[in-house]
Each structure stands twice: as structure tokens, then as C-alpha cells.
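As C-alpha cells, the structure follows; a few thoughts come after it.
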Amino acid sequence: MKTCLKCGAQFADDAVFCSNCGFKDVQFCPECGKERIPGSLFCAGCGRRYYTAPEGQAEPAPQAPQAVPVTEAVPAPAPVAEVAPAPVAEVAPAPVAEVAPAPVAEVAPAPVTEVAPAPVAEVAPVAPVAPVEPAAIPTTEAMPQTAYQPAAPVAPAAPAAPAQAAAPAKKKKFPLVPVIIGGVVLIVAIGVAVFFIATTPSRKYKAAEKAFDSGDYATAAAQFEAAGDFSDAKERAEEATTLLHYTNGKEAFDSGDFDKAQEEFKAAGKYKDAQERAEECVVAGHYAKGVSLSSSDPDQAISEFEAAGDYKDAKNKVFDLLVAQGDKALDAEQFDKAAEYYKKAGQYKDVSEKVSLVIYDQGVKAFENKQYEKAIEYFTAAGSFKDSAEQIKKCYFQIAEDAAAANDLEKAISNYNKAGDYNGAATKVQELYYKQAEKELEAGNVENAAKLFAMAGNYKDAADKVKAAYYQIGSDALNNKDYDKAAEYLALAGDYKDAATKGKAAYYAKGVEALNNKDYEKATQYLTLAGNYKDAKNLLTSTAYGQGIEALANGAFSTARKYFESCGKYKFAQDLMNACDGEAQLAAGKYEEAWSFYNKVSKKAKVTGFDIQGRKSYCSAKVLLSRVEGKWSATSNNVYVKNITRLTYSRWTRKYYLKSLQTGQYISISSSDNGDGTFNMKVYVCYVRFTTPSLYGASYTTESKEFFNIKSFPSTIKMASGAKIVYKSGKYTLTYAKNTKSGRVKNQYRSTVVYKKDS
């Protein structure tokens with residue numbers, strides 16, 4: 001069993017509507033329509049509590065209807081049998097239709113047999129009868145949530161106890177019978193109203209359901225609406241209305257009334273695919289218009305199909321119409337219009353061949369009209385379609401022909417060249433060059449003629465004529481001592497007459513000129529080209545010697561040696577080769593080998609910017625330095641002081657000697673190269689000498705000396721103390737001598753120390 005979300009009643013699992021209140025079993029909130037979350041007790045949208053009976057407890061019975069006043073006319077009820085009105089107590093008198101009220105006595109109600117049904121219109125309450133309160137009448141707002149069945153004739157309920165009159169009772173002046181009759185009529189009307197109020201909505205609801213199930217949504221919507229607040233009539237009315245709009249939309253769509261279909265689908269709101277169908281109506285409308293206009297107005301039909309977008313085969317329709325329109329324009333030779341249609345069709349499918357055909361045909365038309373430049377543009381745009389490339393050559397050829405006829409040789413030649421191999425265009429070009437060359441030659445413009453004959457290629461005797469022209473130009477330049485021009489054109493003249501000999505003469509002259517300017521590179525180039533002309537070979541040797549001198553001065557010793565080697569015994573070539581070899585050894589730090597090479601160089605060999613003798617001295621010094629650098633220890637010493645005394649008649653002498661070797665005496669020599677052909681040298685020396693005339697005055701003396709930026713080795717060194725150090729035969733000898741005089745006594749100090757290099 002299922003539980004109704006609205007009234008809580010239970011009904012069969014396979015039922016669509018609640019058997020108690022008629023609410024459709026859809027899992028949505030009956031209040032706001034939001035979808036119910038399975039198992040939830042309250043709506044997530046509006047907070048309404050879903051009814052769920054506790055386990056084991058019966059569902060509550062529908063509530064009794066509540067009374068509402070009746071203000072509108074109701075249909076006549078079925079015949080009511082024997083409606084016995086309740087006895088009416090004392091009622092205060094009230095005026096009735098200009099009849100004075102009279103006291104009403106207790107009257108027994110008369111039996112009512114049959115009451116003919118008649119509409120009760122605007123039954124107003126009787127004002128004076130305040131104490132009479134009729135029984136409660138049920139209303140549609142609070143009717144029980146269940147199917148309602150018509151009831152048996154209802155007798156009006158007994159009136160409540162009469163209330164005390166507002167004013168003191170007066171003497172009754174009017175009879176009670178009219179009042180009783182009016183009360184009876186009022187009670188009967190109320191009963192009839194209650195009957196129809198209780199039965200009519202139910203009937204309408206059931207009738208609406210029947211119409212709904214049969215698909216008559218218009219009747220269902222009206223009946224549900226008429227049922228008012230009965231059960232879920234309002235929701236069902238909305239549902240029926242929605243289905244009515246949706247059904248109407250489908251019918252209108254199927255009949256081709258897309259505007260009406262769109263309105264109906266929009267009115268159906270969010271029902272099923274109503275919104276999508278409404279949008280579909282728009283494109284379907286465009287599609288339908290496109291179909292109807294395809295024959296009468298193809299351009300408008302294209303626009304409609306384009307507006308239809310992807311609907312059905314709209315794009316194919318657009319393509320077919322565009323191609324058809326293009327074909328039509330092409331047949332009418334409206335090429336621009338045809339191309340426009342084809343290009344637009346190309347956005348849907350490939351119609352490149354159609355486009356190319358249009359462009360090609362435009363080119364053909366332009367050529368026929370002698371619009372060759374325009375035709376070239378069209379054939380170029382046609383690309384590889386048919387023979388477009390050949391047609392372009394044809395156009396250029398025709399332009400060239402017209403230009404040649406007009407004696408516009410420059411334009412003719414240019415376009416013949418563009419025509420390529422079409423119809424002998426190349427030969428046409430050569431012919432034009434040849435004719436123009438002859439004209440230039442006749443006018444004395446030999447150079448122009450030569451160039452034109454050269455451009456004429458192998459046309460007739462153009463090759464011979466161009467050589468003759470070059471020979472004449474070269475010969476004239478040679479006579480004018482324009483050796484560059486002479487050499488150039490005589491070389492171009494090739495084997496024409498004595499062009500080769502004259503060409504060598506030009507090169508020889510240029511070589512001599514370059515040699516005199518000490519431009520050895522150009523001199524070598526031109527003298528080599530001069531070959532065996534005059535003494536060109538000897539001059540080449542002189543050039544090589546000059547290049548060697550220049551390379552030696554610039555420090556390019558290996559290059560210089562090659563030049564000197566090529567010169568053989570020319571001048572000082574051999575000596576300078578030795579200088580180059582010495583420089584190579586010097587660069588390798590082999591000073592002794594370098595010195596040996598420099599020692600072979602003659603003193604007469606001189607090179608500006610290169611000091612050969614200085615290099616020789618430097619190498620010699622470096623050799624000696626390499627021999628003397630290091631520490632030298634004393635091997636012997638002779639140290640003494642002599643005292644000589646002179647008296648009046650006599651003289652006597654006394655000596656103090658140190659002949660035994662005194663240890664600790666040494667010489668230390670070090671040097672550094674400055675990289676510019678000079679070096680620095682530092683000398684430390686330690687020796688023994690007497691400092692007093694006595695035996696006990698001998699002591700060690702240490703001193704040093706430095707040499708800066710020297711170019712040669714100093715073989716003799718003088719120290720500040722007066723000691724002199726001399727290098728000879730692989731050893732150093734230090735000598736010290738000093739004389740002093742005091743009165744009649746003369747003292748002579750002498751020291752001689754020999755040093756040998758430590759191994």
C-alpha cells in the first residue's frame with residue numbers, strides 16, 4: 001500500500017490517484033511542487049510536513065465539513081420529501097411588505113409533501129429573527145479529502161434556544177403565519193444549498209478526471225477549475241491546462257502552424273521537452289519557409305535555410321541552392337556573382353573546382369577582350385586548374401608581341417622572358433637583343449653593344465661580335481693606361497686576335513704599379529696573371545721578398561720564412577730565413593738554439609721594425625743567465641790586512657792572513673723576463689774581509705744589487721762596498737781592495753774569493 005502525501009490515506013500500489021482525496025501519486029510537494037527527497041518528512045522547498053501515519057495506527061477519518069454562508073444562487077435540488085420544519089419560538093416582530101408585525105404564538109409545523117425545484121435567488125436573511133441560528137453548513141474549503149457521494153434529503157437542524165429580545169416585549173400586532181412561512185422557505189433554501197454545495201464539486205472533479213483520462217484536456221481543465229478547492233482540483237487544473245497547451249502545440253507543429261505551436265509550447269512551461277520544442281518551432285519555421293521559397297525566391301530561401309541551422313538537412317539545402325544559383329550566374333556569364341555563390345557554398349562543402357572554373361572562365365573572357373594583365377590575374381588565381389599556367393605564359397607572350405610591334409624593346413624583352421618556353425619566346429628575346437646591339441654598335445656605343453651581343457647568346461654570330469666588341473674596348477683601355485678595364489675586357493675577348501697577349505701586358509702593368517706601391521698582395525696576383533710576359537717572374541720574386549720583410553716586421557715569422565724560402569738566394573733571403581728560425585726557437589724558450597740561428601745572420605741584413613742584432617744580444621744574455629742563475633758557493637779565499645809603518649830611519653811591515661776557506665760565503669743570482677726583449681736581474685753576495693787592522697777584525701759582509709730592463713748579461717758587477725765580481729770561464733771571482741792611512745801607518749785590506757756554481 002501507498003500513503004497519500006496530501007491526506008495521509010492509503011491506497012493500492014498500482015493506483016495513480018489517491019482513492020480518498022484524488023491527489024495524483026507524483027513524488028512532488030503538493031504545496032510548492034518541489035521534488036520530494038526519498039524518506040524525508042518535510043518539503044525541502046516550503047517546509048510542509050508530508051503525512052505519514054505512525055506504524056500500527058489507522059489513518060485519520062476525513063474531517064466533518066464546516067458551515068459557510070450561501071450568497072450565490074444554486075441549482076434546484078432534487079424533490080425533497082416530507083421536510084418537517086422545527087417549531088419556531090417567539091420571534092420579535094419585524095415589518096414585512098408594509099404589513100404591521102403581530103405577535104406570533106406557538107404554531108405546530110404543517111407537513112410538507114413535495115417541493116418543486118426552483119432556483120433560490122439572493123435569499124437575504126431575515127433581520128428580526130436574531131435568536132434563530134441554523135445548523136452548520138459544510139463548505140468546499142474544509143471538505144473531507146475523499147470522494148464525496150450525494151446525501152439523502154437533509155432535514156434542517158433544530159434551532160437553538162431563543163434569545164431574549166433586545167427590547168421589552170410589546171403587544172403583538174401582527175400574525176405569526178407570514179414569518180413562519182418565510183422561515184420555512186429560508187430553511188428549505190439553506191438545505192438545498194447545502195446539498196448542492198456538498199455534491200457539485202465532487203461531481204465536477206469526477207467528470208474532470210474522466211475527461212482527463214480520455215485526453216479531453218480542455219474539458220478537464222474547465223471541470224477541475226469549476227471544482228474549486230475540492231481535493232487537488234487546482235493542481236489538476238494546472239496539469240490539464242499544461243497538457244492542453246502541449247497537445248495543442250504538437251497538433252499545430254504537425255499541421256505546420258509553427259508560430260502557434262511555439263506559443264503553445266511556451267505556455268506548457270517546463271513540461272517534458274516543451275521548451276526545446278518551442279525552440280524547435282523557430283528553426284522548423286525557417287526550414288518550412290525555405291522549402292516554400294526554394295523555387296520562387298532562392299536567395300530568400302537560402303537565408304531561411306541558413307537561419308534553420310542544423311535542423312534536418314538545412315545545410316545541404318543551402319549548399320544545393322548556392323551551387324544552383326552559382327551555375328545560373330555562370331551560364332549568364334555573371335562571373336563575380338557566380339564566384340560569390342560558389343565561395344559561400346564552399347563553407348559547407350568543397351566547391352573549389354567550381355570556384356576555379358569561374359575564375360578560369362573570367363581569364364578566358366579577359367584574354368578574348370585583349371585585357372591581358374587582367375587575364376593574368378584571373379589565371380594566377382585559378383592556380384593549377386586546367387592549363388592556367390600555360391595561359392599565363394600565353395598572356396605574357398601576347399603582351400611582348402604588342403610591345404615589340406610598338407618598338408618598346410624593354411617591355412617586350414621583359415614579357416618574353418616571363419613567357420618562358422612558350423612559342424619560342426627565348427629566341428624572340430635573343431633576336432631583340434641582337435638587333436638592339438647592332439644599333440648601338442652603329443652609334444659607336446661599343447660597350448652597350450657588347451653587353452647586348454652577350455645577352456643575345458647564340459643568336460646568329462652574336463658570340464663572335466661580342467668578342468670583337470670586348471677586344472676593342474680592352475685595347476682602347478690599354479692604350480689609355482686604364483689597366484683594370486683593359487685586363488677585364490681583354491680577358492672577356494678570350495681567343496680573339498692577340499687579346500691574350502694584350503691582357504698579360506695589362507696585368508704586368510698593374511703588377512708593377514702595385515709592387516711600386518708596396519701592395520705585395522695585388523702585385524703577386526697581377527704578376528702571376530702576367531705569366532711569362534717580360535720579367536714578370538723576377539718581379540714575382542721581388543714581391544715575395546717584400547712580403548717576407550713585411551711579415552717579419554709584423555711578427556708573422558712562419559709566413560715570412562715561406563716567402564724568403566721562395567726567393568732562393570735573392571738578396572738576404574737566406575739570412576732572414578735564419579732570423580725566422582731563431583725567432584721560432586726563441587718563442588719555444590730555447591734561447592741557446594735561437595742564439596745560434598741569430599748568430600748566422602749577417603750584420604748587413606736589416607729589416608725596418610725588426611732589431612736582428614738586438615735579438616741576438618738578448619738570446620746571448622738569456623743563454624748566460626740560464627748558466628749563471630742559481631747559487632754559487634766559495635771554493636777558496638785569500639783575505640789579509642797589511643800594516644806598513646814608516647819611521648825616520650826605518651820601516652817595518654806586519655800582515656794578518658786568512659788563507660783557509662771560510663764557510664758560508666756565496667753568490668745568489670735570479671732574473672725575470674719583461675717580455676719586451678729586456679729582463680731584470682738580482683744579485684746577492686756574501687764574503688769575508690777585514691774591517692780592522694788587527695787579526696780579530698775579520699767578518700762576513702753581505703750585500704745585494706739589482707739590474708732593471710737590461711738587454712745583455714753583465715759579466716762584471718760592482719757592489720756598493722767596492723767589491724767587484726767578475727764572471728769568466730764558468731766561475732765568479734770577487735775582489736776587494738782598500739787602503740787607509742793613520743799617521744805614519746798605512747793599512748792595505750785585500751780579499752779574493754772564488755765561487756763555483758752548486759751542482
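Counting from 1, the numbers follow the sequence of the chain as shown.
Applying the side chain to side chain donor-acceptor pair (under 3.5 Å) test to every pair with at least one member in residues 381-392, sequence neighbours left out, gives these pairs: Y360-D387, D387-Q391. Counting only residues at least two apart or in different chains, salt bridge (Lys or Arg N to Asp or Glu O under 4.0 Å) contacts with residues 442-453 comprise E447-K485. For residues 276-291, the side chain to side chain donor-acceptor pair (under 3.5 Å) pairs, not counting sequence neighbours, are R277-E280, H286-E304, Y287-D313. Among pairs with a residue in residues 405-426, those fulfilling salt bridge (Lys or Arg N to Asp or Glu O under 4.0 Å) read K393-D421, at least two apart in sequence or across chains.
Residues passing the ring-ring contact (aromatic ring centres under 6.0 Å, His included) test with Y271, sequence neighbours excluded: Y246. K250 meets the salt bridge (charged side-chain N to carboxylate O under 4.0 Å, His left out) test with no other residue; sequence neighbours excluded. Contacts of Y342 classified as side-chain hydrogen bond (donor to acceptor under 3.5 Å, both in side chains), with partners at least two apart in sequence or in another chain: D327. Here K315 pairs with D310 under the side-chain hydrogen bond (donor to acceptor under 3.5 Å, both in side chains) rule; sequence neighbours left out. With sequence neighbours left out, K312 forms a salt bridge (charged side-chain N to carboxylate O under 4.0 Å, His left out) with no residue at all. For Y470, the ring-ring contact (aromatic ring centres under 6.0 Å, His included) partners at least two apart in sequence or on another chain are Y489. Taking E263 as the reference, nothing meets the salt bridge (charged side-chain N to carboxylate O under 4.0 Å, His left out) condition, with sequence neighbours excluded.
Between A345 and V323 the shortest heavy-atom distance is CB-CG2, 4.1 Å. Of all heavy-atom pairs spanning A450 and I473, the tightest one is CB-CD1, 4.1 Å. Scanning both residues, A233 and G228, for their nearest heavy atoms gives CB-O, 3.4 Å.
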| request: Show your working on side-chain hydrogen bond (donor to acceptor under 3.5 Å, both in side chains) between D257 and S255 and close with a plain yes or no. | output: CA-CA 6 Å; D257 189 351; S255 65; 5.6 Å; no
| request: Could you please spell out the steps behind the side-chain hydrogen bond (donor to acceptor under 3.5 Å, both in side chains) verdict for Q362 and D336? | output: CA-CA 9 Å; Q362 284 177 293; D336 292 338; 2.9 Å; yes
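The 12-atom threshold is exceeded at CD of E401, counting heavy atoms of other residues, nucleotides or ligands nearer than 6.0 Å. Taking a 6.0 Å sphere around CD of E368, one finds it holds more than 12 heavy atoms contributed by other residues, nucleotides or ligands.
In this structure, the separation between OH on Y217 and OG1 on T247 is 5.0 Å, given to the nearest 0.5 Å.
By the 4.0 Å N-to-carboxylate-O rule, R236 lies close enough to E239 to be salt-bridged with it.
Between F453 and Y433, the distance from one ring center to the other does not fall under 6.0 angstrom.
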Below 3.5 Å, can you tabulate the donor-acceptor pairs from side chains in residues 454-465 to any protein atom, sequence neighbours excluded?
unit_1: N458; atom_1: OD1; unit_2: Q430; atom_2: NE2; d: 3.3
unit_1: D461; atom_1: OD1; unit_2: Y434; atom_2: OH; d: 2.5
unit_1: K465; atom_1: NZ; unit_2: Y434; atom_2: OH; d: 3.3

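In this structure, L322 and Y348 have side chains that are in contact, with non-hydrogen atoms separated by less than 4.5 Å. Between K234 and F224 there is no side-chain heavy-atom pair separated by less than 4.5 Å.
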